[in-house]
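One structure is given below, encoded as structure tokens.
Throughout, residue positions are numbered sequentially from 1 according to the sequence presented.
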Amino acid sequence: MADPRKRLKVLLVGVCVLMSLFAGRLVQLQGLDASTYMLTASQIGRTTVELAAERGDVVDRNGEPLARAVESYNLFVDQTQVANPAAYALQLETVLDQDAETLQERLTGDDRFAYVAKGVGGSTWREIQDMDLEGVDAENAEVRAYPAGPVAGSVVGFLGADGTPLGGLELSQEEVLAGQDGRVVYRESPGGERIATDAVAREEPVAGDGLELTIDRDLQWYSEQVLADAVDNANADGGTAVVLELSDDASEIAALASSPSLDPNNPEDTEGPDRGSRAVEEAYEPGSVFKPLTMAAVLEEGEADASTAYSVADNIRRSGHTIRDHYGHPEQEMTLTGVLAKSSNVGTLQAAEQLDAETFRGYLAEFGIGEATGIGLPSETSGRLPSLDEWSQLTHDNISFGQGVSVNTVQMASAYATIANGGVRVDPTLISATVDSDGERTPVEPKDPQRVVSEETAAEVAQMMEAVMGEGGTGESAMLEGYRVAGKTGTAQRIDPECGCYGQYNASFMGFAPADDPQYVVAVSLMNPRNGNSGSGLAGPAFSDILRFALERDGVTPGEEPAPELPLFADGTNGE
């Protein structure tokens, strides 16, 4: 290395190596990875802001709003573009209904982005736009409003403070209602502040679709009021009321009431467990309102008819257990009609024992028991229908009169609608259509109807249910004068969660009218009443009030055709 020529050669080699490294890097930057680095450079100093899509409205069958998007904006300013903050403040003071001094403070400074006011209404923002105030702009800040308040609140659901859906249709139909958010890309100053007036790119949001429900807002309101009164009168934990409006090919939910109720505008006022719809979320043993389904299976299989007589005692021993009727009586010769009208547990299991387990369970499954209705609400329970592997003689006996099986109220209303509809099951509908932002309506296609029992069987069960409402029947006190009503009372034992034993009750009343041309099914259930447990005495008045309101409001006039008189006892009488 003492030789200058050698040192020069080493130096030249070093320079060549270094220059080759630089050249390689330049090739990478300007050739191979040019687009990547160009994209990275273009993003420096930019920020992306989401533009919330307008949420679809929820309306009742008549277009009355239950939930809607209210136009709202957040007003902001680039303070460096405001030459006279005091003048701006004086112009904005009246339209924003805010103190000019406060507004001037928000308008003054060197911030390229600062909020002036939040939650500004659409008309107010358009008035501000007409002022042509340089540096002032706004971003969308949609507000969700529930103009009907608590009416159908547990059905519609609600949003959290951050816009997250937390219940009801708002949650389960999020993909339909939410739409697709847009975005706007802004440049940022070196200090990280947004340059308000410099939008680099903008992608407009796509509004969500709305929902048209089968709910009738007026009938819903009335049902909720009547139900709340019934819950208070019974001193019950809660209650449900379902109204189905029937047609040849539809079973529409006209009212779906729960108590306690929920106001989506103030969901925090309702305890968490009570914010959903009890009518689909709560599974309970139905008790005697289940008996018409048992009768339908017995009649359809030809094992009996309405006049078939049974020797019925007030208790019977089965599988080491004593099963009792709800009232004491001597052994009586009851017709099958009388068994239903008097709500005899013993007579019902005697009729049902003529069916084998597979056949009996099959009919109940076809009525929709053990299967969620799928009306579109979240957290719906399917209830419980024991499998054949779990089926014993005691299971068979208990299920015949509505114990050992669990349902939700919509399931039971749907089962009654099957009888009212001539034995054809049409699944209940809550959402009738979706409506896009242009107002185009897309109907929701219902499932295909399914025949469960013959028209003759359904008609015979309906006549037997009319006897429940007649002289000597358990539902006589809830009869509607002038209307033929097919109904059934129910008092069911309920599990007390504190002991895990049967220590509470449910009281129910369900039915339809007019019995000879059914238009409405009404089902009312009260959970854990403390002022008695009679389905007729506690739920019956609510049933008849709601049913009368629905019939009269729909213009269904009382009929002249009298109900058929079916004897309750083998001697042809309705006596004790």
**Message:** Applying side chain to side chain donor-acceptor pair (under 3.5 Å) to Y502 and E285, what does each step give before you reach the verdict?
**Reply:** CA-CA 11 Å; Y502 283 120; E285 297 185 48; 2.7 Å; yes
**Derivation of the side chain to side chain contact (heavy atoms under 4.5 Å, CB included) call for V556 and D517** = CA-CA 10 Å; V556 180; D517 183 22; over 6 Å; no
**Message:** Apply side chain to side chain donor-acceptor pair (under 3.5 Å) to residues K291 and T294 and explain how you reach the verdict.
**Reply:** CA-CA 5 Å; K291 290 172 181 174; T294 300; over 6 Å; no
**Request:** Assess whether side chain to side chain contact (heavy atoms under 4.5 Å, CB included) is satisfied between Q403 and F401, documenting all intermediate values.
**Result:** CA-CA 6 Å; Q403 296 285 169; F401 53 84; 3.9 Å; yes
**Request:** Before giving the answer on side chain to side chain contact (heavy atoms under 4.5 Å, CB included), spell out for I369 and F290 the whole-Å C-alpha distance, their side-chain angles and the decisive distance to 0.1 Å.
**Result:** CA-CA 10 Å; I369 306 304; F290 203 75; 4.0 Å; yes
**Request:** Go through T429 and T214 one step at a time and tell me if the side chain to side chain donor-acceptor pair (under 3.5 Å) criterion holds.
**Result:** CA-CA 7 Å; T429 303; T214 58; over 6 Å; no
**Item:** Candidate pair T409 and V280, rule side chain to side chain contact (heavy atoms under 4.5 Å, CB included), full reasoning
**Value:** CA-CA 7 Å; T409 309; V280 296; over 6 Å; no
**Chi angles and distances behind the side chain to side chain donor-acceptor pair (under 3.5 Å) call for T322, R317** = CA-CA 4 Å; T322 299; R317 290 287 293 177; 2.7 Å; yes
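Looking only at side-chain heavy atoms (C-beta outward), I253 and L244 come within less than 4.5 Å of each other. Looking only at side-chain heavy atoms (C-beta outward), L355 and E353 stay at 4.5 Å or farther from each other. L526 has its side chain out of reach of D237: every pair of non-hydrogen atoms, C-beta onward, lies at least 4.5 Å apart. Contact of the M510 side chain with the S508 side chain is registered, since non-hydrogen atoms from C-beta on lie closer than 4.5 Å. Proximity of V424 to T418: side-chain heavy atoms (C-beta onward) are nowhere separated by under 4.5 Å. Counting heavy atoms from C-beta outward, V410 and L256 have side chains that approach closer than 4.5 Å. Counting only heavy atoms from C-beta outward, the side chains of M464 and L299 approach each other to under 4.5 Å. Contact of the T164 side chain with the L159 side chain is not registered, since no non-hydrogen atoms from C-beta on lie closer than 4.5 Å.
Enclosure of atom CD in E175 is not indicated, since only 12 or fewer non-hydrogen atoms of other residues, nucleotides or ligands lie within 6.0 angstrom. Within 6.0 Å of CZ on F158 lie more than 12 heavy atoms contributed by other residues, nucleotides or ligands. Counted within 6.0 Å of CD on Q393, heavy atoms from surrounding residues, nucleotides or ligands total more than 12; the atom is thus considered enclosed. Remark: Q450 CD is packed, more than 12 non-hydrogen atoms of other residues, nucleotides or ligands lying under 6.0 Å away.
Between E390 and R361 there is no salt bridge, since no side-chain nitrogen of the basic residue lies less than 4.0 Å from a carboxylate oxygen of the acidic one. The residues E212 and R61 are annotated as not salt-bridged, no charged nitrogen and carboxylate oxygen being separated by less than 4.0 angstrom. Salt-bridge check for D427 with R425: passed, with a basic side-chain N closer than 4.0 Å to an acidic carboxylate O. Between R553 and D218 a salt bridge is recorded (basic side-chain N to carboxylate O distance below 4.0 Å). The pair E174-R55 meets the salt-bridge criterion, since a charged nitrogen lies less than 4.0 angstrom from a carboxylate oxygen. A salt bridge does not link E170 to R275: none of the charged side-chain nitrogens sits closer than 4.0 Å to a carboxylate oxygen.
Heavy-atom minimum distance, L219 versus A550: CD1-CB, 4.2 Å. What you find for G475 and S536 is that their closest heavy atoms are CA-OG, 4.3 Å. Minimum heavy-atom separation, L246 to A417: CD2-CB, 3.8 Å. Across all non-hydrogen atoms, the minimal contact from V405 to P286 is O-CD, 3.4 Å. Closest heavy-atom contact between P541 and G537: CD-O, 3.5 Å. Across all non-hydrogen atoms, the minimal contact from G276 to S154 is O-CB, 3.4 Å.
Using modelled atom types, no side-chain atom of N533 and backbone atom of Y505 make a donor-acceptor pair closer than 3.5 Å. The backbone N or O of G500 sits nowhere less than 3.5 Å from a side-chain atom of D496 that would complete a donor-acceptor pair. Of the possible donor and acceptor atoms, one in the side chain of T270 sits under 3.5 Å from a partner among the backbone N and O of S261. In this structure a side-chain-to-backbone donor-acceptor pair under 3.5 Å is missing from E245 to S251. Here the side chain of Y327 pairs no donor or acceptor atom with the backbone of D314 at under 3.5 angstrom. A donor-acceptor pair under 3.5 Å links the side-chain atoms of T491 to the main chain of G535, judged by distance alone. No donor-acceptor distance shorter than 3.5 angstrom exists from the side chain of E460 to the backbone of T457, with no hydrogens or angles considered. R217 places no side-chain N or O within 3.5 Å of a backbone atom of D60 that could act as its donor or acceptor partner. Between the N345 side chain and the R324 main chain, a donor and an acceptor come within less than 3.5 Å of each other. Side-chain atoms of Q350 do not come within 3.5 Å of backbone N or O of V312 as any donor-acceptor pair.
F549 contributes atom CZ, which lies 7.5 Å from atom CH2 of W221 (distance to the nearest 0.5 angstrom). Distance check, rounded to the nearest 0.5 Å: CG of L213 to CG of N62 gives 11.5 Å. Distance CG/L169 to CD1/I431: 5.0 Å, rounded to 0.5 Å. Between the OG1 atom in T381 and the CZ atom in R278 there is a gap of 13.5 Å [rounded to 0.5 Å]. Taking CD of Q493 as the reference point, atom SG of C501 lies at 10.0 Å (rounded to 0.5 Å). The distance from atom CD of E282 to atom OG of S379, rounded to the nearest 0.5 Å, is 13.0 Å.
The aromatic rings of F360 and W391 sit perpendicular, their planes meeting at an angle over 60°, well past the 30° parallel limit.
Counted by atom type alone, S525 and Y284 present one or more donor-acceptor pairs between their side chains at under 3.5 Å. Judged purely by distance below 3.5 Å, without hydrogens or angles, the side chains of T373 and E380 pair a donor atom with an acceptor atom. For T474 and S343, the side-chain atoms include no donor-acceptor pair closer than 3.5 Å.
For the side-chain contact (heavy atoms from CB on, under 4.5 Å) test with L551, the passing option among V522, L480, V485, I546 is L480; the others fail.
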